Amino acid sequence: HSPLVNWAALESLQAGDLSKNPHPFGQIPCLTDNNDVLVFESGAILNYLQSKADGKGLSEDARSAAVTSWIAWANASLDPICFLETPQGKVYDTGLRNSNRRIDRLDQLLSKTTSLVPGGFSLADVAVASYLLYVIQFFPDVDLYSRWPNVVKYMKECAGREDYGKAFGENVQAFCLQRLGDMESGSGKEKKIFGMF
């Protein structure tokens, strides 16, 4: 259990049965509350608890809690999977060249939906897809499709969004869509410097 979250929960809520963990990755910390609110990752839970303690309406919004949870997961868990760093903080490779149980679980989740949060595309998808799409830009030789076809389909849908093209530029968008299409078809495994040249 996370003492940080347990302490915050004890200060502001009554703890439930911690043996029934609904965290999408079966990890702790995870918090459930009224109206089917599910919040995971310490930072998201603390934000939720603060909102609840302040009496703000957002605390009862299951969608807001889910979005915050996925954003926190992307920053805390997905980033270090996607980008392996030296002790000096320099990225030298991606962890997506090897199997990973968290990405296996993400692939399972994405086999049933096209977005991470019920109700459609959200900032949760922006956070998670951004990390995944950066991987193929910086490590274009990585093949994700053989292990995680649903993740690749999700990445392609996110990269195909009009606003992704506006934010990252048409060239980056076109590269990502082409590379993901190549992964799906099993072609285009030639290396390019930084994925774009």
Side-chain angles (χ1 to χ4, degrees), residues 22-27 38 40-41 44 66-86 89-197:
H23 189 296
F25 298 92
Q27 299 172 311
L38 169 66
F40 56 96
E41 298 297 325
V67 167
T68 301
S69 295
W70 279 106
I71 292 170
W73 181 80
N75 292 328
S77 296
L78 184 58
D79 177 22
I81 293 169
C82 290
F83 302 104
L84 303 177
E85 296 183 358
T86 66
K90 294 182 180 180
V91 174
Y92 66 90
D93 204 356
T94 178
L96 294 178
R97 294 188 193 282
N98 302 308
S99 61
N100 183 289
R101 65 181 176 82
R102 289 182 181 153
I103 306 303
D104 292 345
R105 179 65 182 135
L106 181 61
D107 194 69
Q108 290 172 345
L109 293 170
L110 292 171
S111 72
K112 300 173 187 150
T113 184
T114 58
S115 60
L116 295 171
V117 176
F121 188 86
S122 71
L123 295 180
D125 299 296
V126 169
V128 170
S130 291
Y131 281 112
L132 295 169
L133 290 165
Y134 279 132
V135 168
I136 65 168
Q137 292 172 57
F138 292 104
F139 305 101
D141 62 317
V142 70
D143 177 21
L144 306 176
Y145 189 78
S146 61
R147 283 192 182 98
W148 305 299
N150 299 307
V151 169
V152 169
K153 179 182 173 192
Y154 169 77
M155 292 167 66
K156 193 173 179 183
E157 288 177 14
C158 291
R161 295 182 66 83
E162 180 181 348
D163 288 338
Y164 180 84
K166 288 178 184 176
F168 286 88
E170 291 178 9
N171 290 341
V172 171
Q173 183 178 41
F175 169 79
C176 289
L177 292 171
Q178 179 66 49
R179 181 64 193 108
L180 293 163
D182 290 346
M183 276 187 216
E184 289 176 324
S185 69
S187 65
K189 293 186 180 179
E190 67 277 355
K191 274 192 179 183
K192 294 182 182 178
I193 298 172
F194 297 112
M196 293 179 243
F197 305 104

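Note that the structure is predicted; figures quoted are calculated from it, not measured.
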(message) What verdict does the side chain to side chain contact (heavy atoms under 4.5 Å, CB included) test give for Ile136 and Cys176, after you've listed the backbone C-alpha separation in whole Å, the side-chain angles of each residue and the deciding distance to 0.1 Å?
(response) CA-CA 7 Å; Ile136 65 168; Cys176 289; 4.1 Å; yes
(request) Provide the full list of ring-ring contact (aromatic ring centres under 6.0 Å, His included) pairs with a residue in residues 108-134, sequence neighbours left out, each pair given once. (result) Tyr134-Phe168
(message) According to side chain to side chain donor-acceptor pair (under 3.5 Å), who are the partners of Lys156, at least two apart in sequence or on a separate chain?
(response) Glu184
(request) State which residues pass side chain to side chain donor-acceptor pair (under 3.5 Å) with Lys166; sequence neighbours excluded, sorted by chain then number. (result) Glu162
(message) If I compare all heavy atoms of Leu144 with all of Val152, which pair ends up nearest, and what's the gap?
(response) CB-CG2, 3.7 Å
(request) State which residues pass side-chain contact (heavy atoms from CB on, under 4.5 Å) with Ala66; sequence neighbours excluded, sorted by chain then number. (result) Val117
(request) Please report the closest heavy-atom contact between Tyr164 and Cys158, naming both atoms and the distance. (result) CB-O, 3.6 Å
(request) Grab the two heavy atoms, one from Leu84 and one from Pro80, that are nearest each other, plus how far apart they are. (result) CD2-O, 3.8 Å
(message) Checking the side chain of Ser185 only, and the main-chain atoms of Asp182 only, is there a donor and an acceptor separated by less than 3.5 Å?
(response) yes
(request) For Arg97, enumerate each residue passing the salt bridge (charged side-chain N to carboxylate O under 4.0 Å, His left out) test, keeping only those at least two apart in sequence or located in another chain. (result) Asp93, Asp141
(request) Please identify each residue that fulfils side-chain contact (heavy atoms from CB on, under 4.5 Å) with Pro149, with sequence neighbours left out. (result) Asp107, Tyr145
(request) Please assess Val172 against Gln137 for the test side chain to side chain contact (heavy atoms under 4.5 Å, CB included), listing each intermediate value before the final yes or no. (result) CA-CA 8 Å; Val172 171; Gln137 292 172 57; 3.5 Å; yes
(request) Sequence neighbours left out, what passes side chain to side chain donor-acceptor pair (under 3.5 Å) with Glu170? Give chain and number order. (result) none
(message) Working to the nearest 0.5 angstrom, can you tell me the gap between Leu132 CG and Ile103 CD1?
(response) 6.0 Å
(message) Can you give me the closest heavy-atom contact between Thr86 and Tyr92, atom names plus distance?
(response) N-CD2, 3.7 Å
(request) To the nearest 0.5 Å, tell me how far Phe139 CZ sits from Cys82 SG. (result) 10.0 Å
(message) Checking Ser99 now: which residues fulfil side-chain contact (heavy atoms from CB on, under 4.5 Å) with it, not counting sequence neighbours?
(response) Arg147
(message) Please find the pair of heavy atoms, one from Leu177 and one from Gly160, that lie closest to each other, and give the distance.
(response) CD2-N, 3.7 Å
(message) To check you understand the geometry: which heavy-atom pair defines the closest contact between Asn100 and Trp148, and what is its length?
(response) N-CZ2, 3.8 Å
(message) Once salt bridge (Lys or Arg N to Asp or Glu O under 4.0 Å) is applied, what residue pairs with a partner in residues 118-132 remain, sequence neighbours excluded?
(response) none
(message) I'd like to know whether Val67 forms a side chain to side chain contact (heavy atoms under 4.5 Å, CB included) with Leu116, so could you lay out the CA-CA distance, the side-chain angles of the two residues, the decisive distance to 0.1 Å, and finally the verdict.
(response) CA-CA 8 Å; Val67 167; Leu116 295 171; over 6 Å; no
(request) Starting at CG of Asn75, measure out to OG of Ser130 and round the result to the nearest 0.5 Å. (result) 10.0 Å
(request) Applying side chain to side chain contact (heavy atoms under 4.5 Å, CB included), run through Leu106 and Asn150 and close with a yes or a no. (result) CA-CA 8 Å; Leu106 181 61; Asn150 299 307; over 6 Å; no
(request) Output all residues satisfying side chain to side chain donor-acceptor pair (under 3.5 Å) with Glu85, sequence neighbours left out; order by chain, then residue number. (result) none
(request) Measure the shortest side-chain to side-chain distance between Trp70 and Val128 over non-hydrogen atoms and say whether it is less than 4.5 angstrom. (result) yes
